[in-house]
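Got a structure here, written out as structure tokens. Questions coming.
Letters A, B, ... are given to chains in the order of the sequence lines, protein chains preceding strands, and every chain is numbered from 1.
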Number of protein chains: 2
Amino acid sequence: MYYCVMYSKELLKGTLQPIILNLLKDNKRMYGYEITQKVKELTNGKIGITEGALYPALHKLEAEGVLRVEEEFIGKRIRKYYMLTKSGTSAVNEKLNEFSDFLTTIQQLLKPSLS
Amino acid sequence: MYYCVMYSKELLKGTLQPIILNLLKDNKRMYGYEITQKVKELTNGKIGITEGALYPALHKLEAEGVLRVEEEFIGKRIRKYYMLTKSGTSAVNEKLNEFSDFLTTIQQLLKPSLS
DNA sequence: TCCAATACATAAGATTTTTATGTATTATTG
DNA sequence: CAATAATACATAAAAATCTTATGTATTGGA
């Protein structure tokens, strides 16, 4: 399965982190599988995150101190809830603003005739 | 020097090809260095393409048959003009539409509260 | 004359993502 | 009730892309 079902895979490079951080900013607490489903739902299936990309990304953000994790057992199955740390929260707003600004710049660049 | 001066470098992954193709679609014929300057100009210095990223990308697009090259001597210095091939032109429109659509999807995903 | 800008190029290393697995639990459906 | 799909985690090899660091050479300007 592709990271992205509808779009070419190359397009999604660099977008995974912002997507994760934005979801955790809005939802406070999410586990990995939930994130994949939420993204699929919010994009009408256009963007599908692969687990091979997601879990390493979550581990990296945790190692950097941006996220922390709370483990819970649902029956016999473990579930790892991720949330922004205090220091992560302040950093995330800047990161997301930058990303948003960047997207706007790219769009202007691709439509110079309309500017 | 960064690929991008203002933005974090991670952000620009995957955007180089669309940027190149879009410029060549509008300008018919451009050489590498010209592309770096045009992008800098159009984004007010926010996006700077490194040569280490650009030249391999141009060579790859040429190898794929999307671009073709015309070499010219300006004095003693060579200049390589790139342009879309016939088959490249039809493919590029689809690619750029896809990229544009993708950017819209990402923006909606990052602003679910406004949808 | 020297430095900055122009103009090409490549190669090592880092990072990210794909692709392919692997394990195990729980829910559904024929 | 057995098989399959969905849930839920994980990792590792390979591919792709980009950064960073070089390298060469010409041309323009201070």
Side-chain angles (χ1 to χ4, degrees), chain A residues 1-21 29-41 45 47-64 67 69-82 99 102, chain B residues 1-21 29-41 45 47-64 67 69-82 99 102:
Chain A
M1 188 229 209
Y2 288 98
Y3 168 62
C4 173
V5 188
M6 182 184 182
Y7 300 117
S8 305
K9 45 188 185 285
E10 313 89 65
L11 295 183
L12 291 122
K13 302 235 168 186
T15 59
L16 182 54
Q17 253 203 40
I19 288 172
I20 292 170
L21 296 176
R29 208 173 102 106
M30 293 182 88
Y31 56 97
Y33 188 77
E34 187 184 11
I35 291 174
T36 67
Q37 300 307 301
K38 193 72 178 174
V39 171
K40 202 184 287 176
E41 178 198 325
I47 295 177
I49 296 174
T50 58
E51 294 168 306
L54 179 66
Y55 291 116
L58 288 172
H59 299 161
K60 195 194 167 205
L61 288 167
E62 192 191 350
E64 289 171 355
L67 302 184
V69 71
E70 280 173 7
E71 304 194 354
E72 281 184 28
F73 277 93
I74 308 297
K76 288 178 183 174
R77 189 156 57 187
I78 204 166
R79 189 181 278 177
K80 297 192 174 179
Y81 283 96
Y82 287 90
F99 185 61
F102 168 69
Chain B
M1 188 224 203
Y2 288 98
Y3 167 63
C4 174
V5 187
M6 180 182 183
Y7 301 116
S8 305
K9 44 188 186 288
E10 313 88 64
L11 293 184
L12 291 122
K13 301 236 167 184
T15 59
L16 182 54
Q17 253 204 39
I19 287 172
I20 292 171
L21 295 176
R29 209 173 101 107
M30 293 181 89
Y31 56 98
Y33 188 76
E34 187 183 12
I35 291 174
T36 66
Q37 300 307 302
K38 193 71 179 176
V39 170
K40 202 184 286 175
E41 178 198 326
I47 295 178
I49 296 175
T50 58
E51 294 168 305
L54 179 66
Y55 291 116
L58 288 172
H59 298 162
K60 194 193 167 206
L61 287 167
E62 192 191 350
E64 290 171 355
L67 302 183
V69 71
E70 279 172 7
E71 304 194 355
E72 280 183 27
F73 277 93
I74 309 296
K76 288 180 182 173
R77 187 155 57 189
I78 204 166
R79 189 181 279 178
K80 296 193 175 179
Y81 282 98
Y82 287 90
F99 185 60
F102 168 69

Rounded interatomic separation in angstrom, taking CD from E62(B) and C1' from dA9(C):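 Atom-to-atom, E62(B) to dA9(C), this comes out as 14 Å.
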OP1 or OP2 of dA7(C) under 4.0 Å from side-chain N/O of K76(B): no
Separation between CG of L67(A) and CG of L58(A), rounded to the nearest 0.5 Å: 6.5 Å
Under 4.0 angstrom between Y55(A) side-chain N/O and dA10(D) OP1 or OP2: no
Value in whole Å for how far the C1' atom of dT17(C) lies from CD of Q17(A): 13 Å
Non-hydrogen atoms of F99(B) and T15(B) that approach each other most closely: CZ-CG2, 4.0 Å
R77(A) (side chain) and dT7(D) (base): donor-acceptor pair under 3.5 Å: yes
Over all atoms of both residues, closest heavy-atom pair of L16(A) and A53(A):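 Shortest heavy-atom contact: CD2-O, 3.6 Å.
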Sugar-phosphate, base or nothing in reach of E51(B), heavy atoms under 4.0 Å: base
N or O in side chain of H59(B) less than 4.0 angstrom from dT10(C) OP1/OP2: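 The answer is yes; a side-chain N or O of H59(B) sits under 4.0 Å from OP1 or OP2.
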Euclidean distance, atom CD of residue E41(B) to atom P of dT6(C) [Å, nearest integer]: 12 Å
Atom-pair distance (CD on E72(B); C1' on dT26(D)), nearest Å: 17 Å
Atom-pair distance (CG on L54(A); P on dA20(C)), nearest Å: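 From L54(A) CG to dA20(C) P: 19 Å.
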Spacing of L58(B) atom CG relative to dC18(D) atom P, expressed in whole Å: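 Rounded to the whole Å, the gap is 12 Å.
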Heavy-atom pair with the smallest gap, counting every atom of Y81(B) and Y31(B):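 What the structure gives for the nearest pair is CE2-CD2, 3.5 Å.
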Rounded distance in Å - CD1 (I47(B)) to P (dC18(D)):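 Taking CD1 of I47(B) and P of dC18(D), I get 12 Å after rounding.
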dA16(D) OP1/OP2 closer than 4.0 Å to side-chain N/O of K60(B):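 Answer no for this pair, as no side-chain N or O of K60(B) is under 4.0 Å from OP1 or OP2.
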Side chain of A53(B) - closest among dT10(C), dT11(D), dC18(D): dC18(D)
Y33(A), nearest nucleotide to its side chain (from dC8(C), dA6(D), dC18(D)):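 For the Y33(A) side chain, the nearest candidate turns out to be dA6(D).
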5′-ward residue of the pair I74(A)/R79(B) relative to DNA chain C: R79(B)
Distance, rounded to the nearest Å, where Y82(B) contributes OH and dA9(C) contributes C1': 10 Å
Contact nearer the 5' end of DNA chain C, comparing K80(B) with A57(A): K80(B)
From OH (Y82(A)) to CG (L21(A)), nearest 0.5 Å: 13.0 Å
5'-most by nearest nucleotide on DNA chain D - I78(A) or G52(A): I78(A)
Phosphate-side-chain proximity, Y31(B) and dA7(C), N/O vs OP1/OP2 below 4.0 Å: yes
